2 protein chains.
Amino acid sequence: MNSHFSLAVHSLTLLAHQPENAASSTFIAESASVHPVRIRKVLSMLKQHGLIQSKEGAGGGFVLSRPPESVTLWDVYQVTSKGTLQPRCPDENPDCSVGANMKTVLGSVFSEGEYVFGEHLDQFTIADMLKKCITN
Amino acid sequence: MNSHFSLAVHSLTLLAHQPENAASSTFIAESASVHPVRIRKVLSMLKQHGLIQSKEGAGGGFVLSRPPESVTLWDVYQVTSKGTLQPRCPDENPDCSVGANMKTVLGSVFSEGEYVFGEHLDQFTIADMLKKCITN
DNA sequence: TATACTGTAATTATAAATATTACAGTTTTA
DNA sequence: TAAAACTGTAATATTTATAATTACAGTATA
């Protein structure tokens with residue numbers, strides 16, 4: 001699983017944690033121990049898909065655009081990581097009936113698998129994540 | 001998903017395809033378009049877990065040690081890729097209630113998710129993979 | 001108009017994956 | 001019994017993928 005996903009969940013959870021004021025990329029980056037530009041890239045994806053809003057200029061930053069109870073990890077996964085479950089396969093080899101088809105065959109198994117995995121992720125919301133973090 | 005998995009499935013399917021004679025790492029490597037040493041490393045894992053047998057020396061190579069109908073993709077996954085579903089998380093940040101716990105919280109979500117995903121993989125055997133490859 | 005932000009592109013640095021080389025050990029076969 | 005064809009594995013080099021850094025234009029605030 002790529003790291004965009006965990007950074008996105010982290011950021012959204014942080015925004016849910018302080019719904020009253022916007023969080024800057026620097027603030028989020030320090031919480032996640034990564035570079036602010038990386039946060040801005042990930043949040044750019046979330047913004048494009050309507051999960052957050054941003055405001056430029058002094059005092060600006062990021063806020064949730066939907067209640068954290070309504071955003072699931074599956075929603076986030078689809079924005080940041082769709083298709084990454086797929087196993088890396090070497091190029092197709094036309095000289096071998098196995099080598100020629102393995103990529104396609106495994107591809108369909110993993111596409112279905114991603115859906116099954118998604119049903120699991122869909123059970124958890126950003127609000128759940130916040131609750132789990134705080135009660136620990 | 002790491003590439004060990006797809007190389008392992010590829011190799012096992014190839015062995016199932018020619019049950020009569022052993023396949024050398026060079027033969028498998030050519031079918032999968034990768035380096036023979038890499039194949040030997042992956043097959044070493046499968047051998048340790050009793051999925052295949054190997055024979056050194058001239059005319060040697062690899063053969064299945066169990067019928068391909070009895071080996072599922074979940075069996076292979078557990079040998080080659082257990083834990084790789086886990087998202088990459090930055091180091092824990094003790095100064096932030098979210099940053100301190102996110103890794104653990106996501107960890108448990110993905111451990112359960114791996115199990116769910118495993119139930120899906122468990123539906124497919126190496127024999128199924130061979131059939132799918134050949135009828136394509 | 002200085003300051004504190006987002007947005008994004010370009011570049012550099014680091015880490016991970018993969019290939020390559022090397023060589024010891026094991027069978028077969030000529 | 002020696003050459004050939006293999007596995008097994010470690011060490012190194014190369015390539016690719018990730019991540020950090022730098023740079024700078026644009027925007028809102030005070």
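The chains referred to below are lettered A, B, ... by the order of the sequence lines, with proteins before strands, and numbering in each begins at 1. These numbers were taken from a predicted model, which means no experiment stands behind them.
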statement: Separation of C:dA10 atom P from A:His35 atom NE2, nearest Å, is 18 Å
statement: On DNA chain C, more 5' by nearest nucleotide between A:Gly57 and A:Val37 is A:Gly57
query: Would a distance-only check, ignoring hydrogens and angles, find a side-chain to backbone donor-acceptor pair under 3.5 Å from B:Ser65 to B:Leu51?
result: yes
task: Look up atom SG in B:Cys133 and atom NZ in A:Lys103, then write down how far apart they are to the nearest 0.5 Å.
output: 14.0 Å
query: Which part of the nucleic acid, if any, lies within contact of B:Ser3, taking any heavy atom under 4.0 Å across all strands shown: a base, the sugar-phosphate backbone alone, or nothing?
result: sugar-phosphate
query: B:Lys41 side chain: which of D:dA11, D:dA17, C:dA22 is closest?
result: D:dA11
query: In whole Å, what is the span from the CG atom of A:Asn21 to the C1' atom of D:dT29?
result: 16 Å
field: Residue B:Arg40, side-chain heavy atoms: nucleotide from D:dT7, D:dT27, C:dT27 that is nearest
entry: D:dT7
- prompt: Closest to the B:Ser25 side chain: D:dT7, D:dA11, D:dT21?
  reply: D:dT7
field: Side chain of A:Glu56 (C-beta onward), nearest among C:dT8, D:dG8, C:dT6
entry: C:dT6
message: Without decimals, in angstroms, what is the distance between A:Met1 CE and C:dA16 P?
response: 18 Å
statement: Rounded to whole Å, CG of A:Leu46 lies from C1' of C:dT6 at a distance of 15 Å
task: For B:Phe27 and D:dA5, give me the distance from atom CZ to atom C1', rounded to whole Å.
output: 16 Å
field: Nearest to side-chain heavy atoms of B:Ser54, which nucleotide of D:dT7, C:dG7, C:dT28
entry: D:dT7
task: Let me know the distance between CG of B:Asn2 and P of C:dT18, rounded to the nearest Å.
output: 8 Å
field: Closest nucleotide among D:dT21, C:dT21, D:dA28 to the A:Lys55 side chain
entry: D:dA28
- request: Consider the side chain of B:Ser24, meaning its heavy atoms from C-beta on, and name the nucleotide among D:dC6, D:dT18, C:dA19 that approaches it most closely.
  value: D:dC6
message: Between C1' on D:dG8 and CD on B:Gln53, what's the gap in Å once rounded to a whole number?
response: 17 Å
task: Pick base, sugar-phosphate or nothing for A:Thr26, based on heavy-atom distances below 4.0 Å to the nucleic acid.
output: nothing
message: Using heavy-atom distances to pick each residue's nearest nucleotide on DNA chain D, tell me which of A:Arg38 and A:Ala58 is more 5'.
response: A:Arg38
query: More than 12 non-hydrogen atoms from neighbouring residues, nucleotides or ligands closer than 6.0 Å to CG on B:Asn21, yes or no?
result: yes
statement: The residue among B:Asp128, B:Asp122, B:Thr125 that forms side chain to side chain donor-acceptor pair (under 3.5 Å) with B:Thr72 is B:Asp122
message: Could you check whether any side-chain N or O of B:Asn101 sits under 3.5 Å from a backbone N or O of A:Lys132, counting only pairs where one atom can act as donor and the other as acceptor?
response: no
task: Report the distance from atom CD1 of B:Ile39 to atom P of D:dG8, rounded to the nearest whole Å.
output: 13 Å
